[in-house]
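What you see below is based on every heavy atom in this structure, not just the backbone, and it leaves out hydrogens, waters and symmetry mates. Just so it is clear: chains get the letters A, B, ... in the order the sequence lines come, proteins before strands, and each one is counted from 1.
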There are 2 protein chains.
Amino acid sequence: MATITVKKGEIIQRSGALNSKVYFVNSGLLRGYTIDEKGKEHIFIFAPENWTIADAQAPEFPCDLFIDALEDSTITVFQKDITQEGKNVEALIKRMSVLQKRIIMLMSYSAMERFEHFIETYPNILKRVPQKMIASYLGITPEALSTIKKRKGKK
Amino acid sequence: MATITVKKGEIIQRSGALNSKVYFVNSGLLRGYTIDEKGKEHIFIFAPENWTIADAQAPEFPCDLFIDALEDSTITVFQKDITQEGKNVEALIKRMSVLQKRIIMLMSYSAMERFEHFIETYPNILKRVPQKMIASYLGITPEALSTIKKRKGKK
DNA sequence: ATTTTCCATTAATGTAGATTAAGAACGCAC
DNA sequence: GTGCGTTCTTAATCTACATTAATGGAAAAT
């Protein structure tokens, strides 16, 4: 366990890395994302202050997610110790339930509904991240997000 | 822990239920699904023999998933005991990683790519479940699945 | 066996969102 | 300041998939 500071733009974890860690954000903003075979980024999660971010893989398997800093941040890094994680099963289950709900969202809701849900989930980061990243989190293009916002404003 | 038999069509767990369990399938076939506010089913997971199926929620929270039997089945039911689950953290993490990959799939892949992935994941249940359920698992309509299969056959 | 219900396929049309392209507004470097 | 890159917006066109509807077949009910 160690507390470190990272600069905006710094990559903290790369997809494919072994022994992936758990990161607690004291201040600043991180994001976790994948890059598909066409080179396109897909943002999986944002982690503002007091959020925890981690890949779902066990430490002995290569991880799926890139993690980088969207703002200068102070973060605390924890080892993924299986025996330790056992002590925090509730946190694990909570993360699973978040993932399950995200799948349900992707399967059942339109882009506009997902945008409204994003605003509820991350009320204070809407102005802190570029639109294109929000679009990526929602699974749509920046252009589509632009038109959605316009439609929302009108009604 | 108890082993029970269920008939095809029987609902084993309802969305909203408390104290949700973990089900291990000895024989037969279960599925987990949600129903959205428009009444539409979204299949989350299939569980053929030797698979485990469970809602991601902690037992003290209402669960999200319906679970029912697509074939006559024999299943072993386990309590979700937090202290016990701690002993099986690896299984939990494995389930998380499956969920994470499912999200990546939904965000990055076309319906046809998802269909191909479905066949790899569940090689032996393609003929055991109705097309409409496969379509629901993929997040598309049965009609769309029909045309995808035709296109696939042609090349 | 016959009726009923459910299911798969096909085709016509509709729509959400992707793609492409262009221009406007904002940085940031020099 | 002037350039230059990056981001956001708007609009035109395109495409994957949804919706609707019709048909035929299989399963279940009587």
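Taking the side chain of I140(A) as heavy atoms from C-beta on, and the options dT20(D), dA8(C), dG17(C), the nearest nucleotide is dG17(C). Each of dG17(C), dT19(C), dA11(C) was ranked by its minimum atom distance to the side chain of E143(B); first place goes to dA11(C). Candidate nucleotides dC17(D), dG17(C), dA8(C) were compared by shortest atom distance to the side chain of K132(B), and dA8(C) ranks first.
Taking the six-membered ring for Trp and the full ring otherwise, the centers of Y122(B) and W51(B) sit less than 6.0 Å from each other.
Between T141(B) and dC17(D), a side-chain N or O to OP1/OP2 separation shorter than 4.0 Å is absent. Within the 4.0 Å cut-off from OP1 or OP2 of dC8(D), not a single side-chain nitrogen or oxygen of S146(A) is found. Side-chain nitrogen and oxygen atoms of K150(B) include at least one within less than 4.0 Å of the OP1 or OP2 phosphate oxygen of dA11(C). A sub-4.0 Å separation between OP1 or OP2 of dT9(D) and a side-chain N or O of K149(A) is present.
Rounded to a whole Å, the CD atom of Q131(B) is 14 Å from the P atom of dA26(D). Here the P atom of nucleotide dA26(D) and the NZ atom of K127(B) are 20 Å apart, to the nearest Å. For K40(B) and dT19(D), the NZ to C1' distance is 10 Å, given to the nearest whole Å. To the nearest angstrom, P of dG27(C) lies 11 Å from NZ of K8(A). Taking atom CE of residue M107(B) and atom P of nucleotide dA18(C), one finds them 13 Å apart after rounding to whole Å. Between M112(A) atom CE and dT15(C) atom P the separation is 15 Å, expressed in whole Å. Rounded to whole Å, the distance from CD1 on I148(A) to C1' on dA18(C) is 12 Å. Distance I134(B) CD1 to dC7(C) P: 13 Å, rounded to the nearest Å.
Cation-pi check for R102(A) over Y137(A) is met; the charged atom lies under 6.0 angstrom from the ring centroid and within 45 degrees of its normal.
With no hydrogens or angles considered, a side-chain donor-acceptor pair links T76(B) and T3(B) at under 3.5 Å. Between the side chains of Q57(B) and S97(A), at least one donor N or O sits under 3.5 Å from an acceptor N or O.
Each of I75(A), I67(A), I12(A) was compared with I53(A) under the side-chain contact (heavy atoms from CB on, under 4.5 Å) criterion, and only I67(A) meets it.
As judged by a 4.0 angstrom heavy-atom cut-off over every strand, P130(B) is placed among residues touching the sugar-phosphate backbone only.
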